[in-house]
Structures are given as structure tokens and as C-alpha cells.
Amino acid sequence: MRKKVNRSLATYQSKRDFAKTTEPSGEVHVTASDRLRFVIQKHAATRLHYDFRLELDGVFKSWAVTRGPSLDPHNKRLAVEVEDHPLDYGDFEGTIPKGEYGGGTVQLWDRGYWTPEGNRSPQDALKAGDLKFTLDGARLHGSWVLVRMKFDRDRGKRTNWLLIKHRDDSARPGDADSILAGDRSVASGRKMADIANGKGRGPAPFMLKTKKSAKPNAIWNSKNEIKSKLSRIAPRMKPKIKKVTTAKSKSTVANVTGDNVVMGVAISHPEKSLWPDGGDGQPVTKLDLARYYEAVGSWMIPHLKGRPCSILRAPDGVHGEHFFQRHAMPGTSNLVALTKVPGSGDDKPYLQIDRVEALAAMAQIGAVELHPWNCQPGNPELPGRLVFDLDPAPDVPFSAVIDAARELRDRLDSVGLVGFCKTTGGKGLHVVTPLSPIKKAAIQWPEAKAFVRELCAQMEHDSPDRYVLNMAKKARTGRIYLDYLRNDLASSAVAPLSPRARDGAPVSMPLLWTQVRAGLDPNHFTLRTVPALIAKTSAWRDYFDAERPLAPAIKRLRLTKASAS
């Protein structure tokens with residue numbers, strides 16, 4: 001006899017054909033708990049999103065958080081209310097077949113317990129559109145709130161909420177998305193691509209009575225049995241590439257199977273050499289680039305997100321033709337965000353890399369360099385960081401560049417700003433200072449650029465034999481060019497950890513100031529060596545805590561100039 005299920009699951013069940021999808025149907029007995037549970041599932045459907053589920057009244061109340069939860073209290077995330085889900089869905093990790101409702105890969109991204117806050121019952125709080133609660137999960141902690149949007153109080157066709165982090169010890173102001181870079185299941189330790197391909201160990205149960213983990217190549221079915229995918233997919237063999245010519249574009253694309261999927265993106269022509277030598281005698285392939293971006297992506301994204309980003313593409317390798325791309329082109333992946341910039345003089349939308357999976361899409365099109373703007377995230381018209389580019393003439397030893405970087409750090413410190421150093425992937429160094437996101441009476445780009453120029457001019461005045469502001473090559477002999485021109489609307493600088501289209505596959509490497517000393521060798525930082533190095537270093541760890549307002553620094557610099565004259 002069919003077991004009676006919760007009536008609130010009627011919508012959930014009507015949307016699914018359980019003869020085609022192995023998602024739970026809600027007929028399975030779930031282990032009782034004296035604490036309310038929550039689950040967040042990373043879901044690569046038509047668009048990547050995060051399914052946020054709170055246990056209440058025998059079901060999971062569910063929302064689709066389009067950009068994922070943010071630890072920044074200023075960063076409110078849209079959460080679209082969806083149908084209630086059965087509690088056994090809390091152990092679901094696997095693949096919903098293409099063509100079925102929600103088709104795509106599902107990862108158990110976070111899970112744990114939640115506690116309602118306040119005097120109202122959670123049912124009353126939900127009805128009122130204001131649910132405050134505390135999370136105690138593997139990734140998310142502390143106090144949160146779900147607020148139904150005002151224009152949706154009367155329950156329109158789509159019920160939209162905002163998921164907001166409260167200010168507490170687990171909040172990270174200014175750090176909106178680094179938590180999302182973690183691409184490991186809390187139930188199995190697998191990445192999205194592993195789940196899609198049935199690799200690794202299966203998810204450990206949280207909601208169900210069984211103590212056994214599901215098989216890695218399987219997903220839970222509606223009766224809590226394991227159904228193997230091996231009967232429905234071919235054995236994993238040597239990757240095969242099948243070329244297909246589309247009638248529309250007459251171009252060749254590749255259908256890739258096997259191990260060539262990185263962060264859910266299929267890398268076509270994975271064996272194509274982009275760098276002939278990665279410093280170890282072996283070529284760096286297109287697949288190597290994708291895996292590099294995967295390895296360092298969680299570190300890079302906070303420095304890319306919310307900013308237009310120009311890319312340098314080398315589809316035939318760094319010794320082939322290069323071209324910069326700022327705008328979307330036909331076939332641009334929907335993993336890449338697009339943004340328009342008022343006042344830029346260009347109506348076309350710019351590329352923007354807002355999530356780690358977009359980096360794999362960059363590798364797919366041979367983007368070997370990433371050059372984000374230096375604006376505030378989400379606000380191109382306001383300066384978000386200042387970049388000082390120390391570019392030595394060919395006859396200047398690197399030790400002089402090191403001395404210049406340290407002098408620049410001290411000058412920034414004297415006006416109340418904090419400097420961070422990185423290699424450029426070339427013969428110079430960048431000194432970068434983060435700025436506070438002040439909107440009222442904020443400093444605009446012309447004034448920011450004037451500040452950088454004035455500080456560099458003071459260095460040239462004090463040491464004319466060492467520094468020069470004139471970019472003409474004939475004026476730079478024996479000196480370091482202090483390039484202040486990267487500090488303007490639409491100006492960009494190579495991103496930290498971005499590779500460079502140069503021999504040896506060098507990388508722009510963030511440094512500790514203790515590393516900026518005699519013996520520093522920029523050639524040591526390559527696409528091969530950096531993933532292991534960045535995993536161990538604490539360089540730039542306090543970058544976002546070091547944001548400072550620019551206005552007081554401008555005043556101090558003017559006073560310094562006045563007293564010197």
C-alpha cells in the first residue's frame with residue numbers, strides 16, 4: 001500500500017516523473033531529530049544557484065538563492081520561494097536527468113541545524129514575511145534573516161525573499177563571495193564535476209536512517225535504494241573528442257567526455273598547447289589552464305567579482321595571435337556575467353567574472369590573462385583600489401625595483417593607506433592599496449588619479465636618478481617608470497594570480513612584504529608552482545580589512561607637499 005505523504009508535497013510530486021528521475025518522492029521514513037535541520041544544495045541547472053532548505057512541519061521549506069548566500073551583511077541575496085521538498089531530499093546528491101524539472105548536477109554544499117530567533121513561531125514569522133534564525137552548519141554559522149520583498153507581500157506568481165546575514169562574529173563585511181568558492185560536498189568531499197561523472201565516494205547520510213554512504217556513481221531513488229548510473233552511461237575510458245560542424249556558424253565545436261570537464265565546463269581540444277614550456281620542460285595545455293583556474297579560483301574571485309574584466313585570448317597559444325576582448329561575443333558562456341558602464345562611452349556590455357565556474361569558461365576560450373578594472377565591486381564609477389606599476393628599464397636591476405616597492409609602501413603608510421605587493425609576471429612589481437567603499441561624497445576617478453600621480457611625482461622629485469614619470473622609452477634609461485595611468489575609469493591591471501602570455505607561464509603572484517627583499521625571483525611563480533604556494537601563504541590575507549578612505553590620504557599628501565616647499 002502506498003504510504004500517505006505530506007499534502008504540502010503535492011506540488012513537488014506533480015512536477016516530477018519518478019520513473020525518469022531518481023529524486024526522493026517523500027515516501028521514506030526520515031530519522032527523527034530533536035533539532036531542526038537545514039540543507040543547502042549547489043544546483044547546476046539552467047543557471048547555477050543554491051537551494052536553501054529549512055526543516056519545518058515535516059518538510060523542507062525551500063528557496064532558490066540565485067547567487068548563493070553571502071557573509072557580508074550589506075549583500076542581500078535574492079531567494080525565490082519554491083515548492084516544499086521532502087525531508088529525504090536532504091540526502092540527495094547526484095544528477096537530475098536533462099529534460100526533467102531542475103535537470104542538472106546537485107551537490108550537498110552545506111548542512112546542519114537551524115534555530116528560530118525571536119518570540120514568534122517560525123510559522124508565524126514566515127507568514128509575516130520576516131523569519132530570523134541561527135545556522136549551525138559545516139559552512140554557514142550565526143544569525144540570518146529571510147525577508148519577503150515588499151511588493152510580494154500579497155503573494156504574487158513568484159514569491160521573492162531576501163536572504164541576509166546579520167552582523168555577528170561569523171559575518172565578513174566586504175567579503176561577499178569567498179565562501180562560495182568552496183567546491184566540495186560536505187557529504188562526500190566531491191566536486192561538482194566528480195558528482196556529474198560518478199567519481200569519488202558517495203554522500204554520507206544526514207536525514208535517513210541508514211549509516212551507509214551512497215555509492216559514488218549513484219543517487220538516492222524514491223525508496224531509499226541505490227540505483228547505479230553505470231547501466232545508463234558508457235564506461236569511463238580514454239577521453240574522446242567528436243567534432244561537429246554547426247550549420248549556423250560553420251565552425252567546429254567539440255563534444256568532450258571523460259576527464260575534460262572542469263567545474264562543470266567541458267574543455268574542448270584539452271590537449272592544445274598554450275605555453276610550449278611551463279618551466280618544467282612540459283607544455284601547458286588548455287586543460288592545464290582550466291585546472292589551474294580551478295585550483296586558485298577561490299582566491300581570485302573576490303578580486304574579480306563585480307568588476308568589468310578585459311581578457312587576453314591566445315587561442316593558438318602564447319606564440320600565436322593574441323587579442324584583447326572586453327565585450328561579449330557570439331557563444332559567450334552564460335557563466336560569464338555582463339555589465340553596462342554608464343559614462344564609459346560604450347553601450348556594449350562588458351565581461352565580468354563573478355563566480356569561480358566562469359574561470360573554466362575563460363580557459364575554454366583560451367583566456368590566458370585576466371585584467372579587471374580597479375573600481376569598487378558593482379560600481380565602476382568609484383575607485384576601489386589604486387595600482388602603482390613599477391616598470392624598470394632593461395638596464396635596471398630587479399633589486400632596485402624591490403627598493404622602489406618598499407619605498408612606495410612607506411609613503412602610502414605615511415598618508416594612512418596600506419600597500420600590498422605582487423609580481424606582474426614580468427620584470428616589474430605592482431603595489432596595490434584597497435579603498436573603502438564610501439558612497440556619500442566619494443572620491444571620483446580624476447581625483448584618485450591625481451593623487452597617484454602626485455605621490456609618484458614626489459618620488460621622482462626626491463630621486464630623479466631612480467624614477468621617472470615620462471613614459472617615453474628614451475627618458476627611462478637607467479630608471480624605473482612610475483606608471484600611474486592604471487587609475488582611471490575603464491583602466492585595468494592584471495589580476496592577482498592571473499597567468500601571463502609569456503614564456504615559462506609566469507603568474508602575477510601576491511607577496512608578503514617579508515618576501516619583497518633581496519633574492520626575490522619573479523620567475524619562480526608559474527602556472528605550475530603557484531597552486532601549491534598560494535595554498536600555504538598568508539599573503540594578502542588582510543587585504544579587505546585594510547581598506548581605507550582616500551579623502552584623508554589626499555589631505556595628508558597635500559600637507560606633505562606644502563611642508564616640503
Side-chain angles (χ1 to χ4, degrees), residues 42 44 48 105 107 178 180-185 188-200 236 238-241 254-301 303-304 309 311-318 333 335-336 353 355-370 425 494-502 504-510 524-537:
K42 187 175 180 180
L48 181 71
T105 302
Q107 179 194 75
S178 62
L180 301 180
D183 184 28
R184 294 282 185 183
S185 165
S188 67
R190 297 184 295 172
K191 296 183 178 181
M192 292 290 279
D194 296 331
I195 297 168
N197 292 321
K199 295 175 60 177
R236 292 174 58 84
K238 184 177 181 180
K240 297 180 180 180
I241 301 176
N255 293 334
V256 185
T257 61
D259 294 327
N260 301 331
V261 177
V262 179
M263 294 187 284
V265 175
I267 306 300
S268 62
H269 307 294
E271 75 290 345
K272 179 184 284 290
S273 174
L274 297 181
W275 288 266
D277 185 352
D280 57 358
Q282 299 295 318
V284 178
T285 67
K286 191 175 173 183
L287 183 59
D288 291 335
L289 176 61
R291 288 176 174 162
Y292 170 79
Y293 281 143
E294 180 182 31
V296 303
S298 62
W299 201 105
M300 291 185 76
I301 286 298
H303 298 275
L304 296 169
C309 186
I311 59 177
L312 179 65
R313 294 177 60 182
D316 294 319
V318 298
S333 170
L335 294 171
V336 181
I353 301 172
R355 54 184 180 179
V356 70
E357 292 84 359
L359 292 171
M362 292 293 100
Q364 165 62 12
I365 61 173
V368 295
E369 294 188 5
L370 308 177
V494 68
L497 297 183
S498 171
R500 303 305 303 269
R502 298 170 181 170
V507 166
S508 179
M509 180 67 178
H524 178 59
F525 306 111
T526 71
L527 191 143
R528 297 280 197 226
T529 64
V530 162
L533 294 172
I534 201 67
K536 298 177 182 178
T537 186

Please find the pair of heavy atoms, one from [X] and one from [Y], that lie closest to each other, and give the distance.
{"X": "Pro283", "Y": "Ser273", "result": "CB-OG, 3.6 Å"}
{"X": "Val507", "Y": "Pro499", "result": "CG2-CA, 4.1 Å"}
{"X": "Met263", "Y": "Glu357", "result": "O-CG, 3.6 Å"}
{"X": "Val336", "Y": "Ala361", "result": "CG2-CB, 4.3 Å"}
{"X": "Lys286", "Y": "Leu274", "result": "CA-CD1, 3.8 Å"}
{"X": "Ala193", "Y": "Gly264", "result": "CB-N, 4.4 Å"}

Check: [Y] and [X] side chains under 4.5 Å, non-hydrogen atoms:
{"X": "Lys191", "Y": "Arg184", "value": "yes"}
{"X": "Ser298", "Y": "Val356", "value": "no"}
{"X": "Pro276", "Y": "Val318", "value": "yes"}
{"X": "Thr526", "Y": "Val284", "value": "no"}
{"X": "Leu497", "Y": "Met509", "value": "yes"}

Roughly how far, to the nearest 0.5 Å, is [atom2] of [Y] from [atom1] of [X]?
{"X": "Ile353", "Y": "Ile311", "atom1": "CD1", "atom2": "CD1", "value": "7.0 Å"}
{"X": "Lys42", "Y": "Thr105", "atom1": "NZ", "atom2": "OG1", "value": "10.5 Å"}
{"X": "Asp194", "Y": "Met192", "atom1": "CG", "atom2": "CE", "value": "10.5 Å"}
{"X": "Arg291", "Y": "Leu527", "atom1": "CZ", "atom2": "CG", "value": "12.5 Å"}
{"X": "Leu370", "Y": "His303", "atom1": "CG", "atom2": "NE2", "value": "13.0 Å"}
{"X": "Met300", "Y": "Tyr292", "atom1": "CE", "atom2": "OH", "value": "6.5 Å"}

[X] (side chain) donor-acceptor with [Y] (main chain) under 3.5 angstrom:
{"X": "Glu369", "Y": "Val494", "result": "no"}
{"X": "Trp275", "Y": "Arg500", "result": "yes"}
{"X": "Thr529", "Y": "His524", "result": "yes"}
{"X": "Asn197", "Y": "Lys199", "result": "no"}
{"X": "Gln364", "Y": "Ser268", "result": "yes"}

